[in-house]
Q: 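Let me give you the structure first, and then I'll get to my questions.
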Amino acid sequence: MTSDAPETKSLNFIEEIMEADLASGKHGGRIQTRFPPEPNGYLHIGHAKAICIDFGMAARFGGKCNLRMDDTNPCTEDVEYVDSIQEDVRWLGFDWAGEYYASDYFPLLYDYAEYLIQQGKAYVCDLNEAEIREYRGNFHTPGRPSPYRDRSASENLDLFRRMRAGEFPDGSRVLRAKIDVQHPNMNLRDPLMYRIRRAHHHRTGDAWCIYPMYDYAHGVSDALETITHSICTLEFEDHRPLYDWFLEQDVDARFFQRPLPRQIEFARLNLTHTVMSKRRLLQLVQEGIVAGWDDPRMPTICGLRRRGYTPEAIRSFAERVGVAKRDMVAEVGLLESCIREDLEANALRRMAVIRPLKLTITNMAEAEAFEVELANHPDRPELGTRKVPFSNTLWIEQDDFREEAPKKWFRLAPGAEVRLRGAALVRCEEVVKDAAGNVVELRCTWDPASKGGNAPDGRKVKGTLHWVNAATAVEAEVRLYEPLFPAEDPMDVPEGQDWHQGINPGSLERVKAKLEPSLAGAEVGQRFQFERMGYFAVDPDSRPGAPVFNRTVSLKDSWAKIEAKG
RNA sequence: UGGGGAGUGGUCUAACGGUAGGACAACAGAUUCUGGUUCUGUCAGGUGAGGGUUCGAAUCCUUCCUCCCCAACCA
């Protein structure tokens, strides 16, 4: 009997809303969502959560999800970003039903604006930026009406058409919604709908010199795409009345199909040891603190991809953090546990020595060299095996030898015997040091009867080490990463300090490693488990004969815990 | 001090008036040719606080406290 138990997984609050809407037939059984990024930066893990929600929920209820570029501000946006966004969404495993751009709606947006003007719901205001701010008041003082608030509809229409025609200089006039200058919700104090900006737009070129603002464009775009559930993050919660207002002014449904879309807000993702704001991420890149948007230390989708994360792991993470309305900070440990789970099941095993220490087997002749056949995965024989050469001259991990063995030490030490994985048992007979006293070589003897790794007499050998044959080793650069921010909350800095001071200068370490020969042809993007060391992915910086690996995540290290406790 | 939200183990999340459950983390043990994996078990919240309604409250009412968001011609 297969155990596909009736999964009664509880619904999150958005799914509950959708289910209720489906049950009531509100949208005729239709679910339509959208993922609306602004193409002014690269997507990060926080967007991944949103993507999983927007696409995932639509899929769950048999609906569709659009990809819409929220490109209403040409000053900050660029095609470079739309390309990367599309690549990232696809890589995450999602397909959009429709590909749209808010800029596609510029003509419609313009028409609706004229309509609002004609209805007396919008006016052209000649106040400058500072004056508008001053007239708007603040939390404690109500706003005052703009002196231009009561212009006639015909004057407004004329002015607005001339704004569009380019008769006025940038910033000289704006179109404003006429709502309530005293409203306790600042968003409703006659918000701006259009500004004059002679900027080249990546899609519409120079066709427009006026551009709509987010609050106006977003809801209208949703309505035009007949979005049913417009899911966004919490900070837009008090924009919702405005979202609704703009759409509801279409009193006789000339522009938008009913029922109108409904905006629903959820808590954005935060991650420990990470900054997530686009602004700070941009700073990290521009200030050269990281190598680029796809630096493996970045929480960007492309950074995680380069680091070796899989789409499955990221989706699993999004699933596990859940969807709710309370501010949340997920532990990076959860993300790591997701990628470990995926790679544990799927990554091929290989041996690689990260910090090499020479080991010589003194009682083995060169001619006695042999090959061992090792499984590519301990639990999945169907993944096959590969041959690994073994001889009397090897590399082992520096960390696997201690001149003075602590308690519970299973690894190599003077006089100790360990297993070299799949090959043989060796005993450390002599420690060779350089002039400075550093251990440079271990001289060992092997038990020829243990060939293959098992003691013929059944003696217990607790430690098993990975190794690489010196003569056939592939040299590679391995990049080891630590969090960019040692502190859980990078923004929690002492008085008068900047978050930059919390940056870990040692977050990247490059080492020269020795790999088993089968890794020679590894292709960019391939992921492996280097046994006992962690999961590693081939970096695009790799060149023929000079592979570069990124450590995605280490293996859990219970020895480190034991030792830490003393 | 205006408006809008939110408070459940260390973290995230469930419960929809009826035994506070799960995941991650942590701890202990077993297995293991990866100190990985796997398995078993343990730990840990009376639900921000007080009051009320009720046979029964995380869920309902009430007062208070704390935290987050909002005063761009950004999104």
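Only heavy atoms go into these numbers, but all of them, side chains included; no hydrogens, no water, no symmetry mates. Chain A is the first sequence line, chain B the second, and so forth, proteins listed ahead of strands; every chain is numbered from 1. Keep in mind it's a predicted model, so treat the numbers as computed, not measured.
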Q: For A:Thr72, answer base if it contacts any base atom (sugar-phosphate contacts may also be present), sugar-phosphate if it contacts only those atoms, and nothing otherwise; contact means non-hydrogen atoms under 4.0 Å.
A: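 Sugar-phosphate contact only.
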Q: Taking atom types as they are modelled, would you say the side chain of A:Asn185 forms a donor-acceptor pair with the base of B:G4 within the 3.5 Å cutoff?
A: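 Answer is no: no donor-acceptor pair is held.
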Q: May I ask which nucleotide in the shown strands pairs with B:A6, Watson-Crick or G-U wobble, both distances under 3.5 Å?
A: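 B:A6 is paired, partner B:U66.
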Q: So what does A:Ile210 touch, heavy atoms closer than 4.0 Å: a base, only the sugar-phosphate, or nothing?
A: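 Nothing: the residue A:Ile210, judged by heavy atoms under 4.0 Å, touches no strand.
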Q: What nucleic acid atoms does A:Tyr194 come within less than 4.0 Å of, heavy atoms only: base, sugar-phosphate, or nothing?
A: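 Here A:Tyr194 touches no strand at all.
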Q: Please state how far atom NZ in A:Lys565 lies from atom P in B:A26, giving the value in whole angstrom units.
A: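 So the NZ-P distance, A:Lys565 to B:A26, works out to 10 Å.
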Q: Roughly how far apart, to the nearest Å, are B:G29 and B:C16 at atom P?
A: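 Each nucleotide's P atom is 39 Å from the other's.
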Q: Give the rounded distance in Å between these two atoms: CD of A:Glu131 and P of B:A72.
A: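 Rounded to the whole Å, the gap is 15 Å.
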Q: What interatomic distance, in whole Å, is found between P of B:C55 and the corresponding atom of B:G50?
A: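 Straight-line distance between the two P atoms is 22 Å.
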Q: Counting only Watson-Crick pairs (N1-N3 plus N6-O4 or O6-N4) and G-U wobbles (N1-O2, O6-N3), all under 3.5 Å, who is the partner of B:C27?
A: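 Checking every strand shown, B:C27 finds its partner in B:G41, with both distances under 3.5 Å.
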Q: Atom NE2 of A:His466 to atom P of B:G35: distance rounded to whole Å?
A: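 Value for this atom pair: 10 Å.
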Q: With syn defined as a glycosidic angle within 90° of 0 and anti as everything else, classify B:A72.
A: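 Classified syn.
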Q: What I want to check is whether an N or O donor and acceptor connect the side chain of A:Arg240 with the base of B:G4 at under 3.5 Å.
A: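 A donor-acceptor contact between them is absent.
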Q: Taking 4.0 Å as the cut-off, does a side-chain nitrogen or oxygen of A:Arg532 come that near to OP1 or OP2 on B:G35?
A: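 A:Arg532 to B:G35 OP1/OP2: side-chain N or O found under 4.0 Å.
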Q: Consider the side chain of A:Ser337, meaning its heavy atoms from C-beta on, and name the nucleotide among B:G36, B:A25, B:A14 that approaches it most closely.
A: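 Nearest to the side chain of A:Ser337 among the choices is B:A25.
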Q: Give A:Val174 one of three labels, base, sugar-phosphate or nothing, depending on what nucleic acid heavy atoms sit under 4.0 Å from its own.
A: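 Base contact - A:Val174 has a heavy atom under 4.0 Å of at least one base atom.
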Q: Would you classify A:Lys462 as touching base, sugar-phosphate or nothing, given that sugar-phosphate means primed atoms plus P, OP1 and OP2, and contacts are heavy atoms under 4.0 Å?
A: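 Answer is nothing: A:Lys462 stays at 4.0 Å or more from every strand.
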Q: Grab the CD1-C1' distance between A:Ile85 and B:A75 for me, whole Å please.
A: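 In whole Å, B:A75 C1' and A:Ile85 CD1 are 12 Å from each other.
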Q: Taking CG from A:Asn270 and C1' from B:C69, how many angstroms apart are they, rounded to a whole number?
A: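 Rounded to whole Å, this separation is 13 Å.
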Q: With centres under 5.5 Å and planes under 30°, do A:Tyr214 and B:A75 count as stacked?
A: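 Ring-base stacking flag not set for A:Tyr214 and B:A75.
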Q: Starting the side chain at C-beta, find the nucleotide from B:A72, B:U13, B:C24 nearest to A:Arg136.
A: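 Between B:A72, B:U13, B:C24, the one nearest the side chain of A:Arg136 would be B:A72.
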Q: Picking from B:A71, B:A72, B:A75, which would you name as closest to the side chain of A:Arg133?
A: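 Shortest atom-to-atom distance from the side chain points to B:A72.
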Q: Hey, which sits more toward the 5' end of RNA chain B by its nearest nucleotide, A:Met186 or A:Phe410?
A: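 With A:Phe410 and A:Met186 compared, the 5'-side residue is A:Phe410.
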Q: A:Asp215 near the nucleic acid: base, sugar-phosphate alone, or nothing, with a heavy-atom cut-off under 4.0 Å?
A: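 No contact.
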Q: I'd like to know whether A:His218 forms a side-chain hydrogen bond (donor to acceptor under 3.5 Å, both in side chains) with A:Arg34, so could you lay out the CA-CA distance, the side-chain angles of the two residues, the decisive distance to 0.1 Å, and finally the verdict.
A: CA-CA 11 Å; A:His218 200 90; A:Arg34 103 267 91 116; 2.7 Å; yes
Q: Between the side chains of A:Arg173 and A:Asp126, is the shortest nitrogen-to-carboxylate-oxygen separation below 4.0 Å, so that they form an ion pair?
A: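 Answer for the salt bridge query: yes.
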Q: May I have the distance from A:Tyr211 (atom OH) to B:A75 (atom P), rounded to whole angstrom?
A: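 About 12 Å, once rounded to whole Å.
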Q: Under 4.0 Å between a side-chain N or O of A:Lys556 and OP1 or OP2 of B:U34?
A: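 Answer is no, no contact under 4.0 Å.
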Q: At 4.0 Å (heavy atoms only), tell me whether A:Glu265 reaches a base, stays on the sugar-phosphate, or touches nothing.
A: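 No contact.
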Q: Reckon A:Gly534 touches a base, only the sugar-phosphate, or nothing at all at heavy-atom distances under 4.0 Å?
A: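 The answer is nothing, as A:Gly534 stays clear of every strand by at least 4.0 Å.
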Q: At 4.0 Å (heavy atoms only), tell me whether A:Pro378 reaches a base, stays on the sugar-phosphate, or touches nothing.
A: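 It contacts base atoms.
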Q: Would you mind classifying the nucleic acid contact of A:Leu420 as base, sugar-phosphate or nothing, using non-hydrogen atoms under 4.0 angstrom?
A: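 A:Leu420: no heavy atom of the nucleic acid under 4.0 Å.
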Q: Does A:Glu134 pair with A:Arg144 as a salt bridge, N-O distance under 4.0 Å?
A: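 Salt bridge between A:Glu134 and A:Arg144, a charged N being under 4.0 Å from a carboxylate O: yes.
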Q: Remember a base hit wins even if backbone is also touched, and classify A:Trp409 as base, sugar-phosphate or nothing at under 4.0 Å, heavy atoms.
A: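 A:Trp409: base contact, heavy atoms under 4.0 Å.
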Q: Testing A:Phe390, A:Trp395, A:Phe401 for ring pair (Phe, Tyr, Trp, His ring centres under 6.0 Å) with A:Trp467, which one passes?
A: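 Answer to the ring pair (Phe, Tyr, Trp, His ring centres under 6.0 Å) test with A:Trp467 among A:Phe390, A:Trp395, A:Phe401: A:Phe390.
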Q: Could you verify whether a donor N or O on one side chain and an acceptor N or O on the other, from A:Tyr42 and A:Glu80, lie under 3.5 Å apart?
A: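 A donor-acceptor contact under 3.5 Å links the two side chains.
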Q: Check every strand shown and say whether A:Met533 touches a base, only sugar-phosphate, or nothing at a heavy-atom separation below 4.0 Å.
A: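 Here A:Met533 touches no strand at all.
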Q: With respect to the side chain of A:Ser558, which nucleotide from B:A15, B:G36, B:A71 is positioned closest?
A: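 When the side chain of A:Ser558 is considered, B:G36 is the closest of B:A15, B:G36, B:A71.
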Q: In whole angstroms, how far is the C1' atom of B:C69 from the CE atom of A:Met328?
A: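 The distance from CE of A:Met328 to C1' of B:C69 comes to 17 Å, rounded to the nearest Å.
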Q: The side chain of A:Lys325 lies closest to which of these nucleotides: B:G10, B:C73, B:G5?
A: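 Selected nucleotide: B:G5.
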Q: With syn defined as a glycosidic angle within 90° of 0 and anti as the rest, where does B:G46 land?
A: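 Here the answer is syn: the torsion falls within 90° of 0.
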Q: Just N and O in the side chain of A:Arg195: are any of them under 4.0 Å from OP1 or OP2 of B:C74?
A: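 So the side chain of A:Arg195 is within the cut-off, an N or O lying under 4.0 Å from OP1 or OP2 of B:C74.
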Q: Taking the side chain of A:Glu331 as heavy atoms from C-beta outward, which of B:C24, B:U34, B:C73 is closest to it?
A: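 Shortest atom-to-atom distance from the side chain points to B:C24.
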Q: Among A:Asp215, A:Asn187, A:Asp222, which residue meets the side chain to side chain donor-acceptor pair (under 3.5 Å) test with A:Tyr243?
A: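 Looking at A:Asp215, A:Asn187, A:Asp222, the match for A:Tyr243 under the side chain to side chain donor-acceptor pair (under 3.5 Å) is A:Asp222.
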Q: Which listed nucleotide (B:C24, B:C73, B:G3) is nearest to the side chain of A:Ile132?
A: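 Looking only at side-chain atoms, A:Ile132 lies closest to B:C73.
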Q: Given that A:Val461 and A:Glu129 both sit by RNA chain B, which one's nearest nucleotide is further toward the 5' end?
A: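 The residue mapped nearer the 5' terminus is A:Val461.
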Q: Given B:U34, B:C73, B:G36, identify the nucleotide with an atom nearest to the side chain of A:Glu531.
A: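 From the listed options, B:U34 comes nearest.
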Q: Do we see A:Phe139 stacking on the base of B:C70, given a limit of 5.5 Å between centres and 30° between planes?
A: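 A:Phe139 vs B:C70: stacking yes.
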Q: Would you mind classifying the nucleic acid contact of A:Leu334 as base, sugar-phosphate or nothing, using non-hydrogen atoms under 4.0 angstrom?
A: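 A:Leu334: backbone/sugar contact only, no base atoms under 4.0 Å.
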Q: Atom CD of A:Glu237 to atom P of B:A75: distance rounded to whole Å?
A: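 Computing the A:Glu237:CD to B:A75:P distance gives 20 Å.
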Q: Looking only at the side chain of A:Asp379 (C-beta and beyond, no hydrogens), which of the listed nucleotides B:C12, B:U37, B:C70 gets closest?
A: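 Nearest listed nucleotide: B:U37.
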Q: Could you check whether A:Arg203 pairs with A:Asp104 (Lys NZ or Arg NE/NH1/NH2 to Asp/Glu carboxylate O, under 4.0 Å)?
A: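 So A:Arg203 pairs with A:Asp104 through a salt bridge.
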Q: Would you check if the distance from the ring center of A:Phe106 to the ring center of A:His201 is below 6.0 Å?
A: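 Between A:His201 and A:Phe106, which both carry aromatic rings, the centre distance is below 6.0 Å.
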Q: Choosing from B:G36, B:U1, B:A6, which nucleotide comes nearest the side chain of A:Arg349?
A: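 Nearest nucleotide to the side chain: B:G36.
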Q: Check this for me, if you would: do A:Glu237 and A:Lys325 make a salt bridge, where the nitrogen-to-carboxylate-oxygen distance has to be below 4.0 angstrom?
A: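 Salt bridge: yes.
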Q: Measuring only the P atom in each nucleotide, how far is B:G56 from B:A20? A whole number of Å is fine.
A: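 It comes out at 15 Å once rounded to the nearest Å.
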Q: Roughly how far apart, to the nearest Å, are B:A28 and B:C70 at atom P?
A: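 Roughly 44 Å separates the two P atoms.
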Q: Within the structure shown, what part of the strands sits under 4.0 Å from A:Glu336 by heavy-atom distance: base, sugar-phosphate, or nothing?
A: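 If one applies the 4.0 Å heavy-atom cut-off, A:Glu336 turns out to touch nothing in the nucleic acid.
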Q: Does the distance from a Lys or Arg side-chain N to an Asp or Glu carboxylate O, for A:Glu417 and A:Lys462, drop under 4.0 Å?
A: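 No.
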